[in-house]
Amino acid sequence: MNRYLSMKRLGILFIGLFAILTTGTLTFQHFWMAGERKCAAEGQWYFAEEKRCVTPIYIPRITGRPAGVSRREASEANIRDVVKAEDEAARRQAAAAADAAAQRQVLDKTRPAI
């Protein structure tokens, strides 16, 4: 009695299926993942969604703070600058108000009484 799926045929079928899957995996690794290896060798990042290399951006270039300065130190320096600017604006506004009051007094003295 000769069966269609004998042990010998099943063994050959599974070995063939294993060989096909292994070849597919190696092909996938070679062609699909080669871009990631190439980008890493060039010092870039691999953007998998679009399958392309992108250049990393240096964070201080985006934030504008010097290299080696922490976020807290940069924030405190910015706050000090804002406080100085607000104090300067308040001083100018007070000087302008005092100048306007002085000019009103001069006009009130030169205005004829009715």
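Note: hydrogens, waters and symmetry copies are ignored here, and every other heavy atom, side chains too, is used. Positions are given from 1 along the sequence.
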Engineer: For Gln93, does the CD atom sit with more than 12 other heavy atoms under 6.0 Å from it, leaving out its own atoms?
Structural biologist: no
Engineer: Sequence neighbours excluded, which residues qualify as side chain to side chain donor-acceptor pair (under 3.5 Å) partners of Glu36?
Structural biologist: none
Engineer: Sequence neighbours excluded and cut-off under 3.5 Å, please list the side-chain donor-acceptor pairs for residues 97-106, or say none.
Structural biologist:
unit_1: Asp99; atom_1: OD2; unit_2: Gln103; atom_2: NE2; d: 3.3

Engineer: Show the atom names and distances, to 0.1 Å, of all donor-acceptor pairs under 3.5 Å that link a side chain in residues 10-24 to residues at least two apart or in another chain.
Structural biologist:
unit_1: Thr22; atom_1: OG1; unit_2: Phe18; atom_2: O; d: 2.7
unit_1: Thr23; atom_1: OG1; unit_2: Ala19; atom_2: O; d: 2.7

Engineer: Just how far is it from atom CD1 of Ile59 to atom CZ of Arg61, taken to the nearest 0.5 Å?
Structural biologist: 10.5 Å
Engineer: Check Arg37 against His30 and note the closest heavy-atom contact, atom names and distance.
Structural biologist: NH2-O, 3.9 Å
Engineer: Which is it for Lys51 and Tyr46 under the side chain to side chain contact (heavy atoms under 4.5 Å, CB included) test, yes or no, and what are the steps along the way?
Structural biologist: CA-CA 7 Å; Lys51 290 188 251 176; Tyr46 184 67; 3.4 Å; yes
Engineer: Other members of the hydrophobic cluster containing Trp45, with the 4.5 Å side-chain heavy-atom rule, please.
Structural biologist: Phe47, Val54
Engineer: Could you give the distance from CD (Glu50) to CZ (Arg52), rounded to the nearest 0.5 Å?
Structural biologist: 4.5 Å
Engineer: Could you pull out all residues at least two apart from Phe31 that satisfy ring pair (Phe, Tyr, Trp, His ring centres under 6.0 Å)?
Structural biologist: none
Engineer: By the side chain to side chain donor-acceptor pair (under 3.5 Å) test, which pairs, at least two apart or in different chains, include something from residues 74-86?
Structural biologist: Arg72-Glu76
Engineer: What's the shortest heavy-atom distance between Ser70 and Arg65, and which atoms?
Structural biologist: O-CD, 4.1 Å
Engineer: Which atoms form the tightest heavy-atom contact between Gly35 and Cys53, and what is the distance?
Structural biologist: O-SG, 4.3 Å
